[in-house]
Amino acid sequence: MRRSVARNVSVLAVAAAVVSVGGAAPPTYSPSAVAPLKTPVAVGYGGAVASVDADASAAGIEVLRQGGNAVDAAVATAAALGVTEPYSAGIGGGGFFVHYDAKSRTVHTVDGRETAPLSADTSLFLENGEPIPFAEGMTSGLGVGTPGTPATWRTALDTWGSKPLKQLLRPAERLAEDGFTVDTTFRSQTAANQARFADFPASAELFLPGGQLPVVGSVFKNPDLARTYQELGRKGVGALYRGPIADDIVRTVQEPPVVEGATRIVRPGDLTRRDLQAYETIRRAPTKVSYRGLDVYGMAPSSSGGTSVGEALNILERTDLSEADRTQYLHRFIEASRIAFADRGRWVGDPAFEDVPVRGLLSQRFADSRECLIKDDAVLKSPLAPGDPRRPSPCGSTGEAAPTTYEGENTTHLTTADKWGNVVAYTLTIESTGGSGITVPGRGFLLNNELTDFSFAPADPAVHDPNLPGPGKRPRSSISPTIVLDRHDRPVLALGSPGGATIITTVLQTLTGHLDRGLPLVDAIAAPRASQRNQATTELEPALWNDRKLRAELEAIGHAFRQNPEIGAATGVQRLRDGRWLAAAERVRRGGGSAMVVNPAP
């Protein structure tokens, strides 16, 4: 578990007691207090926060205690995650923000996805007509998109927030300045990036002090990031898109600073000041499907999360999953996932460049035309060809299957709610674990490598690929922040997860586990996961892999499996019938998550 040092926690330690689901009052803060411990579930009043990190959740809770709303808390939590989870998120990346407004009982979204340079075209990752090695795109300036996270904060706060950015950044500033205690997750993620970080002076200085991995139990500080946050607090997030910070970003992308003697091929990118100045978030209408009498809202393209989760739910709507045994349930879940990924590969891309048939993908008519492919005693062949949502035909397909492109799994998700009933589900990322591996010198944050989410080249030149690079284009994402409302447009729950393309299956499995199988939200999050993404084999976490009876029954139908040690790391909040909030996070994955409420109650 991760704790900040004692002197750091003037806003963090105050919230230490809120993780308890008991009714004891929080203790008075003293300088000797420690930061809160992690707990996967908390219940109470006044609002809730769930994230992967205790310091980050506590930052959000403190904002709620000071009268801030769910949007304010989400920004404060996200900024703190940029300190303690720098390999998963930060101001060098982007994300998708879904907000429920309690006053109007409506859901709104912000697309804060990174964009390709205005000079980019379909040959971005080609050399002599052939795709470059993925590793050379991953660790390069070439893979860096224009960051969207700071602009997302500005859009959300200007539209729904109640506190100034400067105030919301203070917990993260102190956390960066005074430090947090290194845990095993942070060390292991640093170790996985050691060779990359060592090739970039600023990354090596920050993450490999003295040339060594950070020691578990040591204090990790990032004073450069603290100063960057202070500058954003004084000048606004526009300071990242214009001025000295922008100049530093452009210089780093165009001339990646590599240590002398490094043998790694590090390609420069073409991100310019013009790209940063031109960046804008997009307020998009959310996706919406009806499921079991509830309305499920998600993120529309450029993310494929809302359309894919929504299509799969529509496919599963015809099956009583509450009465199905585990084998039947997993079989249907896997097949619905396979179909949704087949369709997203053909149809989903940046809607500014592609004609994405969102309404068709989310129609029950199209789902029914695809659901009829599923058999109880057989498995669909993968890769499965897509259907045509514009002209659905029973069990029909069109064209060739599109493979699922690789997406980095180290993203992070946070969920917040406030005493007025507002809710936020926010997933943010820098793509791969450690992003591009390149830290902006003197600024304390890593740059993303989100452009590697584009297809480097079409799998079949004869078949249109909606996810090829283009000027200012947003690469397709799987991020799936989700909010569920009842028939009176009141919040039931909100959730999301990191995990690259497995985000979609994680959110889908958690939703069906809770809504259909009756699992408490924290148990639905903890349940062992499967992930099928229109591939020959389905990934299973160890608990499912080691269930020999279950696996044998599924294999007898025709399923094939491979192991994945960990899929996703979800968080969520739930509105209970008596008006209390329940916050839920992982019990074990990524070292466990952190769920907190403002005023604990039994």
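Just so we're clear, the structure is a prediction, and the values are computed from it rather than from any experiment.
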Separation of L550 CG from H559 NE2 (nearest 0.5 Å): 10.0 Å
Within-4.5 Å side-chain heavy-atom neighbours: L468 and F454: no
Any donor-acceptor pair under 3.5 Å from N448 side chain to E431 backbone: no
Carboxylate-amine/guanidinium proximity below 4.0 Å for D368 and R318: yes
Note: R590-E586 ion pair, threshold 4.0 Å (strictly below): no
R562 and E539 ion-paired at < 4.0 Å: yes
Minimum-distance pair of heavy atoms, taken over all atoms of T538 and A530: CG2-CB, 4.2 Å
Under the side chain to side chain contact (heavy atoms under 4.5 Å, CB included) test, residues paired with A48 that sit two or more places apart: V573, W581, A583, V597
Salt bridge flag under 4.0 Å for residues D486 and R490: yes
Under-4.0 Å salt bridge between E450 and R113: yes
Any D101 side-chain heavy atom under 4.5 Å of H99 side chain: yes
Q574 (side chain) donor-acceptor with A494 (main chain) under 3.5 angstrom: no
Pair S382, R338: side-chain N/O donor-acceptor within cut-off below 3.5 Å: yes
Least distance between heavy atoms, A342 atom then P386 atom: O-CB, 3.5 Å
Close side-chain approach of R551 to L544, heavy-atom, < 4.5 Å: no
R283 bridged to D111 by N-O distance under 4.0 Å: no
Check: W160 main-chain N/O paired with N69 side-chain donor or acceptor under 3.5 Å: yes
Chi angles and distances behind the salt bridge (Lys or Arg N to Asp or Glu O under 4.0 Å) call for D295, R487: CA-CA 7 Å; D295 289 330; R487 62 181 180 177; over 6 Å; no
Test item: R575 side-chain N/O and G579 main-chain N/O as donor-acceptor pair under 3.5 Å: yes
From CA spacing to verdict: side chain to side chain donor-acceptor pair (under 3.5 Å), H514, T512: CA-CA 5 Å; H514 178 67; T512 55; over 6 Å; no
Rounded distance [0.5 Å steps], OH in Y291 versus CG in L316: 5.0 Å
Whether T77 side chain and A73 backbone form a donor-acceptor pair below 3.5 Å: yes
Heavy-atom side-chain contact between D453 and R476 under 4.5 Å: no
Sidechain-backbone polar pair: D418 side chain, A70 backbone, donor-acceptor under 3.5 Å: yes
Rounded distance (nearest 0.5 Å) linking atom NZ of K375 with atom NE2 of H331: 10.0 Å
Side-chain donor-acceptor pair present, S51, T571, cut-off under 3.5 Å: no
Donor-acceptor contact below 3.5 Å, side chain N599 vs main chain G44: no
Minimum heavy-atom distance G360-S363, with the two atoms named: O-OG, 2.9 Å
Identified side chain to side chain donor-acceptor pair (under 3.5 Å) counterpart of T505 within the set S478, S480, S531: S531
Residue pair I315 / I339, side-chain heavy-atom distance below 4.5 Å: yes
Student check: side-chain heavy atoms of Q563 and L540 closer than 4.5 Å: no
Spacing of S397 atom OG and R346 atom CZ [to the nearest 0.5 Å]: 12.5 Å
Closest contact, heavy atoms only, G387 versus W347: O-NE1, 2.8 Å
Within-4.5 Å side-chain heavy-atom neighbours: V424 and V98: no
Option among L515, T482, I483 that satisfies the side chain to side chain contact (heavy atoms under 4.5 Å, CB included) test with L493: L515
Distance under 6.0 Å and angle within 45° of ring axis: R517 vs Y329: yes
Derivation of the side chain to side chain donor-acceptor pair (under 3.5 Å) call for Y426 and W153: CA-CA 11 Å; Y426 181 22; W153 296 352; 3.2 Å; yes
Distance in Å, T287 OG1 paired with R284 CZ, rounded so as to fall on 0.5 Å steps: 12.0 Å
Set of residues satisfying ring pair (Phe, Tyr, Trp, His ring centres under 6.0 Å) with respect to Y87, sequence neighbours excluded: F186, F197, F207
Donor + acceptor pair across side chains of T84, D55 (<3.5 Å): no
Sidechain-backbone polar pair: T429 side chain, A89 backbone, donor-acceptor under 3.5 Å: no
Modelled atom types, side-chain donor and acceptor of H413 and T411, under 3.5 Å: no
Carboxylate-amine/guanidinium proximity below 4.0 Å for R370 and E335: no
Flag for S594-D53: side-chain donor and acceptor within less than 3.5 Å: no
Carboxylate-amine/guanidinium contact R292 D516, below 4.0 Å: yes
Closest non-hydrogen atom pair, S308 against R344: OG-CB, 3.5 Å
Cationic N near anionic O, under 4.0 Å, D388 to R391: yes
Rounded distance [0.5 Å steps], OG1 in T106 versus CG in D489: 8.5 Å
Donor-acceptor side-chain pairing of D183 and T185 below 3.5 angstrom: no
T537 vs Q532 side-chain heavy atoms within contact, under 4.5 Å: no
Distance-minimising heavy-atom pair for P301 and V348: CG-CG1, 4.0 Å
Carboxylate-amine/guanidinium proximity below 4.0 Å for R589 and E541: yes
